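Remember, predicted model here, so these are calculated numbers, not experimental data. Counting starts at 1 for both ligands and their atoms, in listed order.
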Amino acid sequence: MSSAISETLEKVRSGGRVNQEEALVLLNARGTDLHEVCAAADAIREMRVGDDVTYVINRNINFTNICIGSCGFCAFRAREGDPEAYFLSVDEIVKRAVQASRTGATEVGIFSGLHPSVDGHTYVEIVRAVKKAVPAIHIHAFSPSEVAYGAEKLGISHVEMLKMLKDAGLDSMPGTAAEILVDRVRKTLCPQKIDTTTWTDIIVSAHRLGIPTTCTMMYGHIESYEDIVAHLELLRTIQGTTGGFTEFVPLTFIHYNTPIYRAGLARPGATGREDLLIFAVGRLYLDNIPNIQVSWVKLGTKFAQVALTCGANDLGGTLMEENITRSAGGTAGQSLEPSEFIRMITDLGRVPRVRDTLYHIRAAHQGEVHNASF
Ligand code: SF4
């Protein structure tokens with residue numbers, strides 16, 4: 001093993017904190033060093049959260065793909081009038097949330113494109129209507145980008161927008177729209193999207209208002225390893241201030257149908273070595289974020305299972321419908337049965353647990369939920 005890697009892993013095992021320079025060395029691990037880094041991350045995972053592998057019964061509702069944005073990594077957006085463009089009514093969103101609840105879902109994830117006729121009132125109306133129809137369901141909705149858009153359309157501050165959403169019944173937010181939180185990268189990747197400071201301000205404000213969020217990182221496109229480390233450092237700093245992140249979700253870039261890849265500006269996604277190291281280094285670096293989630297939609301179920309041996313402890317949700325990764329060329333499907341989660345987890349000798357959005361184990365409903373079928 002390289003001496004720099006073994007020294008860093010030894011430091012972590014004795015309770016030390018990985019610094020940015022050391023994280024860079026770990027991201028460059030190759031050969032047997034790769035396995036050593038993954039094994040160290042797996043050991044830290046076991047020490048911090050045990051052998052449970054969690055997942056949530058949920059449904060995604062992407063209520064429109066019509067978007068004024070121009071993110072180069074996105075194959076989901078459509079323009080008004082495009083044959084594939086759609087815009088669900090509030091009644092249809094509520095209908096899907098009710099259906100989800102009836103089949104055992106405890107969470108609906110609601111996020112979409114930035115539709116030109118939508119504003120902050122629309123977001124509030126959606127949250128209020130879903131909460132009224134299904135009071136028990138956890139509403140996990142609206143990325144920092146949507147919060148900024150909704151607020152801008154109403155001419156109000158981000159904090160006011162967040163307060164309105166919380167009062168309407170918003171329970172938590174996805175920390176998406178993060179991509180890579182380095183403005184130089186964002187200028188090429190998603191030039192019209194909120195910048196790093198705005199993303200950070202909205203997330204910190206949400207946490208201070210009692211709205212927990214996830215945090216994400218989309219990698220494997222135009223970023224460098226230094227950018228990845230800068231991103232992880234920002235997440236760790238925010239968490240050190242607010243404690244509001246529930247989990248870190250690495251999102252590997254699905255390149256096939258994306259404008260930035262077709263224009264020859266992005267590489268064709270991360271390699272398998274890089275994917276595994278992102279989970280491992282994420283676990284080692286983010287020592288104040290308890291959960292590392294694997295996106296089976298992005299990685300496919302077989303690779304997702306392997307990622308569970310590199311520091312991850314959560315498999316996300318059953319989803320029931322998924323449009324964003326599928327549009328980009330992902331082939332893992334839109335929904336995964338609980339029985340398939342259980343098979344992946346028990347095959348590793350780990351313990352499957354159904355959780356709610358905030359990682360409370362739903363032990364009392366285990367049997368009922370495990371038998372759920374979509
Ligand atoms: S990522 Fe979101 S904001 Fe960007 S173009 Fe796609 S739908 Fe629009």
Side-chain angles (χ1 to χ4, degrees), residues 60-88 93 109-120 122-123 126 140-154 158 161 165 173-203 206 213-223 231 249-263 265-266 269 295 297-298 319 321-330 334:
N60 270 3
I61 305 172
N62 306 124
F63 62 87
T64 183
N65 60 351
I66 298 169
C67 183
I68 58 157
S70 62
C71 304
F73 60 85
C74 178
F76 170 67
R77 76 161 180 275
R79 302 294 183 205
E80 274 184 298
D82 285 352
E84 71 278 19
Y86 72 90
F87 187 18
L88 303 183
I93 297 168
I110 305 173
F111 19 86
S112 285
L114 307 175
H115 191 290
S117 342
V118 156
D119 63 22
T122 321
Y123 296 153
I126 291 169
H140 180 69
F142 306 122
S143 71
S145 174
E146 289 169 288
V147 169
Y149 183 66
E152 187 191 328
K153 294 287 282 288
L154 295 184
H158 302 150
M161 185 72 250
L165 289 167
M173 284 168 52
T176 46
E179 326 312 354
I180 290 286
L181 290 164
V182 173
D183 285 333
R184 177 185 45 75
V185 176
R186 298 177 81 77
K187 276 194 184 115
T188 304
L189 192 67
C190 46
Q192 291 179 308
K193 215 167 211 167
I194 53 174
D195 63 10
T196 301
T197 303
T198 308
W199 189 93
T200 305
D201 284 350
I202 291 173
I203 286 289
T213 74
T214 65
C215 58
T216 62
M217 175 175 74
M218 190 185 64
Y219 62 93
H221 37 82
I222 60 168
E223 85 291 352
H231 183 103
V249 193
L251 299 170
T252 199
F253 174 51
I254 306 293
H255 62 285
Y256 304 100
N257 303 329
T258 62
I260 199 163
Y261 175 68
R262 289 188 163 173
L265 296 173
S295 169
V297 172
K298 304 264 183 213
L319 296 184
E321 66 177 78
E322 197 290 324
N323 300 300
I324 294 169
T325 299
R326 196 164 45 98
S327 308
Q334 294 198 72

Using side-chain heavy atoms (C-beta onward) and a distance below 4.5 Å, is [X] in contact with [Y]?
X	Y	value
Arg186	Thr196	yes
Asn257	Arg262	yes
Phe63	Phe87	yes

Practice prompt. Decide, counting backbone as well as side-chain atoms, whether Cys71 has an N, O or S atom less than 2.8 Å from atom 8 (Fe) of ligand 1.
Written response: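 No, outside the cut-off.
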Worksheet entry | Option whose closest heavy atom lies nearest to atom 6 (Fe) of ligand 1, chosen from Cys74, Ser143, Gly69 |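 That would be Cys74.
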Discussion item. Quick check on contacts: which atoms of ligand 1 are under 4.0 angstrom from a heavy atom of Lys193?
Written reply: 1 (S), 4 (Fe)
Item to complete: Would you mind running through ligand 1 and noting each atom that sits below 4.0 Å from a heavy atom of Gly113?
Response: 7 (S)
Worksheet, complete the sentence: Nearest non-hydrogen protein atom to atom 3 (S) of ligand 1, with distance, is Cys67 SG, 3.6 Å
Fill in: Check against ring-ring contact (aromatic ring centres under 6.0 Å, His included), Phe253 and His221
CA-CA 6 Å; Phe253 174 51; His221 37 82; 5.7 Å; yes
Worksheet item: Quick one: do the Asp201 and Thr198 side chains pair a donor with an acceptor below 3.5 Å?
Response: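 There is no such pair between these side chains.
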